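Data first, discussion second: the structure below is written as structure tokens.
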Amino acid sequence: KYRHFFLSTPTIWYLACASALSSPTQDSKRSKASTTTGKTLKMMSKVQRMPLANRGFSLGLVQMAAPAALAAGSRGVATTKHNPTYIQRRRRNQNPNHQRQQQHNFSESAVGNASSSTKLLFATIAAGGAVAAAYATSQKVSSPARCEAPTRFVTVAKSADIEDGTMKEVMVPKATRNDWDHPILIARVDGQLYATGASCSHYSAPLAKGVMAKDKMHVVCPWHNAAFDLRTGQPVRGPGLPAIPVYPVKEEDGNIIVEVPLEFSDFEKPKAAKRDPSDPRTFVVVGGGAAGAAAVDSLRQSGFPGKILLLSSEKYLPYDRPVLSKNLGKGTDPSSILLREEEHFQEMEVEVRLGTTVKELDAQAQKITLTTGEEIKYDAALLATGATPRSLPIPGADLPGVLPLRTPQDARNIAEKCGKGKKVLVIGSSFIGMEIAGTLQRGGCEVTVVGMEAYPFERVLGKEVGAAMKKFFEEKGVTFIGSASATSIESKGTQLQATLGGGKKLVADAIILGVGVKPNGSMVKGAEMAQDGSIITDECLKTSAPNLFAAGDIASFKAQSGEMMRVEHWELATSQGRLAAKGMVGSPQPFDQTPFFWTSIFGKNVRYVGHSANFDDVVIEGDVSKLSFVAYYCEKGEIKAVATMMRDPIAVAAGELLRLGKMPTAEEVKSGKVKANDLLSTLQTLNAQKADATAKPVAAKVL
């Protein structure tokens with residue numbers, strides 16, 4: 001119960017650390033002297049970052065803790081699992097918030113150790129007092145307001161190892177015996193070196209396996225298309241919300257030398273403005289999904305100091321919605337898939353209102369009316385309300401046991417109805433429908449899918465890929481009925497019976513609907529709307545109304561090609577939320593990103609980049625039957641989209657070339673003149689081209 005007191009009081013926290021040095025150990029083989037010295041150095045490095053008032057006293061405690069711990073003899077040192085550095089540097093973790101929780105866990109264990117080492121604690125306090133006072137006195141005059149973390153200089157590679165337009169993951173040798181090597185990314189653009197963290201902040205994919213986009217100065221994740229600025233580490237695209245660290249770097253005598261901290265952190269908080277109470281402006285983000293979460297971050301990161309209000313009709317903070325169709329169990333614990341925790345919004349001084357429904361948004365009056373009757377005037381607003389699952393216009397579609405999937409509550413409902421051994425009918429062969437079919441089959445259900453198309457995913461991926469996916473699902477035990485649709489649903493005792501168009505009847509314990517979504521835009525008045533109920537925007541995501549923007553599933557936006565487009569992709573919603581926020585603060589930018597989508601079914605990943613609703617030809621390289629291929633979707637000889645399986649990072653490379661207008665023609669890939677790997681070579685060649693002499697010079701973090 002004292003956890004938060006210890007965390008908020010550095011002096012007391014370090015008393016706990018000092019006592020932990022003398023706690024019993026299970027590692028008798030480790031050298032007590034070297035381990036204690038290493039721990040003491042790490043704690044001293046933390047002390048250097050404290051405010052002056054706490055720093056001097058704590059340093060004295062740390063200096064006295066080591067000999068006290070050594071004197072304890074057989075009592076040894078703290079076990080590895082309680083080592084804060086070990087906890088801090090755990091890599092490849094899929095939950096970006098895990099590090100924070102583990103640090104909290106460490107502080108709790110430290111408190112427990114303190115209670116068993118009371119004598120050492122008071123001895124340390126008494127002995128350290130004199131040293132602390134002397135140190136604090138000596139530092140009063142020359143100490144800066146904030147000291148940077150201690151660093152070291154490390155040679156990580158030869159200059160010749162990193163060619164222009166390329167990047168490479170290199171290992172930083174461990175600093176102490178009990179540490180370990182840590183990866184960082186080195187990239188070279190126009191002769192200038194850049195050093196950053198090596199992992200994507202979304203699911204920790206190795207960035208070196210992705211691609212680089214020189215014109216944007218971005219490094220792109222190979223899995224889900226997240227992108228980070230090489231100069232600042234800031235997240236600029238896709239689902240990665242935390243920033244990646246950047247390090248000063250230089251070349252000397254043919255070597256690449258990087259200045260790195262003694263203690264690494266895989267990810268960092270992006271730089272953000274502080275709330276200024278004197279700023280009278282109010283910006284409102286309506287919708288608490290991917291676009292909304294990214295937008296409020298981007299507003300602060302873009303320097304907006306006014307009031308930010310996030311209105312969400314859901315009772316949960318923004319969460320990772322795509323996880324639900326792959327893991328229904330997450331519906332019982334939404335906190336485990338939050339994109340941002342409550343503390344984050346508090347620190348950003350963003351007012352979040354959950355369970356809040358907007359009755360009307362009057363775009364011309366710049367006024368929002370809630371269902372409670374409250375009225376909110378805004379200076380700028382973003383519509384990020386997403387979409388609602390469609391129902392079926394047939395009798396019985398509203399019966400209990402006919403279930404959609406959109407929210408954690410929906411996932412819980414499905415999990416309760418679809419236990420092991422249950423018969424489940426999935427209506428719809430879209431990505432959501434097939435994902436939930438795979439999840440339920442793995443959970444022991446007997447699953448049948450009914451789709452209007454002959455093959456799953458046929459409308460998006462074509463017949464050949466769809467046929468291969470159908471075979472794959474059937475091998476896993478899923479029954480697929482194509483070119484069919486349900487005409488009615490009725491109760492049959494405790495079960496449901498669906499009747500198909502041809503008269504065939506299917507009995508199931510539950511029916512899951514995966515038949516698409518419709519935009520949530522009915523509350524908007526005074527802005528131009530599309531026929532499907534979405535909000536029409538320009539290329540900068542601004543609507544026809546003053547100071548009103550839209551992003552994500554709700555937005556029909558003007559694409560780079562000039563065509564109007566609405567794309568229901570999670571990654572695109574996040575990117576559009578960021579970009580719309582820039583328009584809200586007066587720095588509009590055209591949305592030129594290539595749409596990107598991914599799905600994971602039975603452990604197999606499909607990545608799709610581009611947009612081709614009316615492809616007339618599909619060119620395939622690879623073996624579709626083995627689900628290892630690159631498929632090009634072409635319209636009138638032009639490649640409009642690319643889908644891949646087991647061919648990373650071809651999809652993200654194709655996305656950059658589509659954006660740049662540098663894709664090969666359909667004939668070139670069809671004839672075999674251009675192979676998929678040539679896309680990587682083409683992008684690398686573009687990255688290596690010398691910059692225009694008139695272009696703005698690129699800033700780098702140099703030594």
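The chain is numbered in sequence order, starting from 1. Every value quoted in this text rests on a predicted model; they were computed, and no experiment measured them.
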Please determine if K330 and D320 form a salt bridge, counting it only when a charged side-chain N lies under 4.0 Å from a carboxylate O. no
- Do Q593 and E571 have a side chain donor and acceptor closer than 3.5 Å? yes
- With a 4.5 Å heavy-atom cut-off, do R442 and K476 have their side chains touching? no
Between the CG atom in L658 and the OG atom in S561, the distance rounded to the nearest 0.5 Å is 11.0 Å
Open item on the list: Are there over 12 heavy-atom neighbours, none belonging to K471, within less than 6.0 Å of that residue's NZ?
Closed with: no
Here the salt bridge (Lys or Arg N to Asp or Glu O under 4.0 Å) pairs for residues 150-162, sequence neighbours left out, are none
Heavy atoms of V465 and A631 approach each other most closely as CG2-CB, 4.4 Å
For P389 and L405 the tightest heavy-atom approach is CG-O, 4.2 Å
The side-chain contact (heavy atoms from CB on, under 4.5 Å) partner of L185 among V246, T196, V170 is T196
Between H224 and P239 the two heavy atoms that sit nearest each other are O-CD, 3.6 Å
Sequence neighbours excluded and cut-off under 3.5 Å, please list the side-chain donor-acceptor pairs for residues 600-610, or say none.
residue, atom, partner, partner atom, Å
S600, OG, N605, OD1, 3.1
R607, NE, D648, OD1, 2.7
R607, NE, D648, OD2, 3.3
R607, NH1, W223, O, 2.9
R607, NH2, D648, OD2, 3.1

salt_bridge(K269, E343) N-O dist < 4.0 Å:
no
Minimal heavy-atom distance between E268 and I244, with the atoms involved, is OE1-O, 4.5 Å
| said: For Y319 and Y316, take the angle between the two ring planes, folded into 0 to 90°, and tell me which bin it lands in: parallel under 30, tilted 30 to 60, perpendicular over 60. | reply: perpendicular
